[in-house]
Amino acid sequence: MSLKVYKFGGTSVGSVEKIQAIADRLLSESNHQHVVVVSAMGHTTDQLVTLCDQISLSPEPREYDALISTGENVSAALLSMAIIEKGGRAISFNGAQAGIYTSQGHKRAKILSVKPDRIKEELEKNKVVVVTGFQGVTFGNDITTIGRGGSDTSAVVLAAALGVPSCDIYTDVDGVYTTDPRRVSTARKLANVSYDEMLELASMGAQVLHPRAVECAKENKIILHVRSSFLPDEGTRVKENHAMELNRSVTGIALKRDEAKLSISGVSNAPGVAGKLFAVLADEGINVDMIIQSNEEQNETNTITFTVSEGDYLQAKRVTEGMMDALGARSVDGDTNIAKVSIVGVGMISKPGVAATMFKTLGDHQVNIQLITTSEIKISCAVQSDQADLAVQSLHDAFELHSSE
Ligand code: ADP
Ligand code: ASP
Ligand code: MG
């Protein structure tokens with residue numbers, strides 16, 4: 001009997017009826033053993049965050065995780081109950097019971113090891129094992145969460161620990177598209193995407209997969225099959241490169257809306273200045289993304305501009321303002337009205353002119369580019385938030401992503 005590992009996202013377990021439908025589906029496949037990872041029902045996690053905000057805007061991270069991890073406990077227990085009620089055998093486990101051990105860093109803890117002994121014991125007893133996504137436990141026995149959207153990663157680490165070569169991610173879209181199909185009607189479903197491209201798309205804001213899930217799948221050569229919980233269609237397989245990808249210069253476009261920009265002006269044009277600023281930001285745990293430095297006043301001073309996620313903006317602004325004297329700076333300006341648009345494709349390595357097409361397309365649509373970063377297979381531009389949709393749509397058209405592979 002082969003073992004299957006699945007993950008069902010929030011919409012897929014969003015009601016009692018949907019949970020019962022998953023139970024029916026699992027029971028109809030009695031020729032397999034099943035490990036099922038579930039997210040919290042619907043928008044439960046958002047509601048828990050809202051509840052938290054009413055008590056404290058800077059909660060103790062341990063208590064924050066103790067709260068926002070609970071949504072998954074509800075859906076796991078309900079799915080297990082539904083299977084039992086229908087005559088099947090099942091057991092639900094939280095992250096600790098499933099043996100998912102993480103670092104201490106609450107809210108964005110890293111999974112360090114998985115000890116699936118109890119899962120294996122229950123599979124031996126022919127039970128469906130339902131595991132809470134998104135949560136783990138520290139070696140000191142505190143509950144942690146692994147970052148929003150993290151249930152995908154929970155499923156992939158379990159597949160890796162159990163030696164299963166693929167993992168089905170059931171969600172509310174029927175695969176990975178060239179861009180978010182809820183925002184661009186001409187987006188096209190991709191049959192296959194390489195790990196590297198998917199990792200860039202996910203890291204750059206394509207919500208459909210958690211970036212660490214893709215990373216872990218790549219490390220363990222696990223094929224991810226992203227598919228709809230509600231339609232029987234074939235979804236998208238995320239796996240090693242395949243030849244088709246090299247024919248297209250751009251595979252997909254991602255958008256991250258919650259970005260913010262900070263500029264510190266009048267800093268001296270001397271060695272070590274940028275190092276001092278970014279070391280302090282790093283010490284505060286602030287992730288800096290795009291950076292540009294421009295000269296002012298005949299090269300004597302510089303302006304350094306960088307982006308951070310909107311959630312880190314106030315802290316980053318405080319830290320940067322605190323560095324003004326040390327850097328001899330004149331002013332710090334901020335803007336939270338920033339989004340990042342990224343084009344991704346392994347084909348761009350061998351095809352010249354991709355950046356030129358991106359910049360010209362944005363220019364033709366009067367979208368001003370504020371910052372640029374690149375990697376071998378990605379070009380990202382920071383733009384004004386209210387031009388982000390226009391930017392994505394026009395790039396999707398310019399690279400003809402609607403037409404078939
Ligand atoms: P789940 O709750 O199942 O984990 P998510 O909401 O996290 O689902 O992810 C699915 C959503 O990701 C889709 O509803 C879609 O709006 C969004 N999305 C963003 N970019 C893409 C893309 N390139 N392909 C498919 N979906 C995308
Ligand atoms: N419930 C968590 C969230 O909303 C984890 C997940 O759905 O993957 O972020
Ligand atoms: Mg998700």
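Predicted model, so just to flag it, every value in this text is computed and none were measured. All ligand and atom numbering here is 1-based and tracks the order in the structure. Start at 1 with the first residue, then count along the sequence.
Close approach to S39 involves these atoms of ligand 2, each under 4.0 Å from a residue heavy atom: 6 (C), 7 (O), 8 (O). Taking a cut-off of under 4.0 Å to the non-hydrogen atoms of G150, the atoms of ligand 2 that pass are 5 (C), 8 (O). Atoms of ligand 2 lying under 4.0 Å from any heavy atom of E72, numbered from 1 in the order shown and given with element: 1 (N), 2 (C), 5 (C).
Of the inter-residue distances, the one linking D152 atom CG with I146 atom CD1 reads 9.0 Å to the nearest 0.5 angstrom. Atoms CD and OG1, on Q104 and T144 in that order, are 9.5 Å from each other to the nearest 0.5 Å. Residue I222 holds its CD1 atom at 9.5 Å from CG of L162, rounded to the nearest 0.5 Å. Remark: K378 NZ to E200 CD distance equals 5.0 Å, nearest 0.5 Å.
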> Step by step, would you call H396 with T179 a side-chain hydrogen bond (donor to acceptor under 3.5 Å, both in side chains)?
Replying inline: CA-CA 8 Å; H396 199 269; T179 193; 5.9 Å; no
>> Quick one, L262 with K317, criterion side-chain contact (heavy atoms from CB on, under 4.5 Å). Give me CA distance, side-chain angles, the key distance, then yes/no.
In response: CA-CA 7 Å; L262 282 162; K317 188 155 187 275; 3.9 Å; yes
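Ligand 2 has a nitrogen or oxygen under 3.5 angstrom from a nitrogen or oxygen of T45. Checked against a 3.5 angstrom limit, the closest N/O atoms of G149 and ligand 2 fall inside it. In terms of N/O distances under 3.5 Å, ligand 2 is not approached by K7.
Residue-environment remark: CG (N287) stays at or below the threshold of 12 foreign heavy atoms within 6.0 Å.
For atom 6 (C) of ligand 2, the closest non-hydrogen atom of the protein is S151 OG, 3.3 Å.
Ligand 1 lies under 4.0 Å from heavy atoms of K7, G9, G10, T171, D172, V173, G175, V176, Y177, T179, D180, P181, R182, A206, Q207, V208.
A cation-pi arrangement is found for K115 relative to Y101, the charged atom lying closer than 6.0 Å to the ring centre and inside a 45° cone about the ring normal.
If you look at H34 and Y6, their ring centroids are closer than 6.0 Å. Outside the 6.0 Å centre-distance limit, the rings of F230 and Y170 are not counted as a close aromatic pair.
When Q135, M41, R148 are checked for heavy-atom proximity to atom 4 (O) of ligand 2, R148 turns out nearest.
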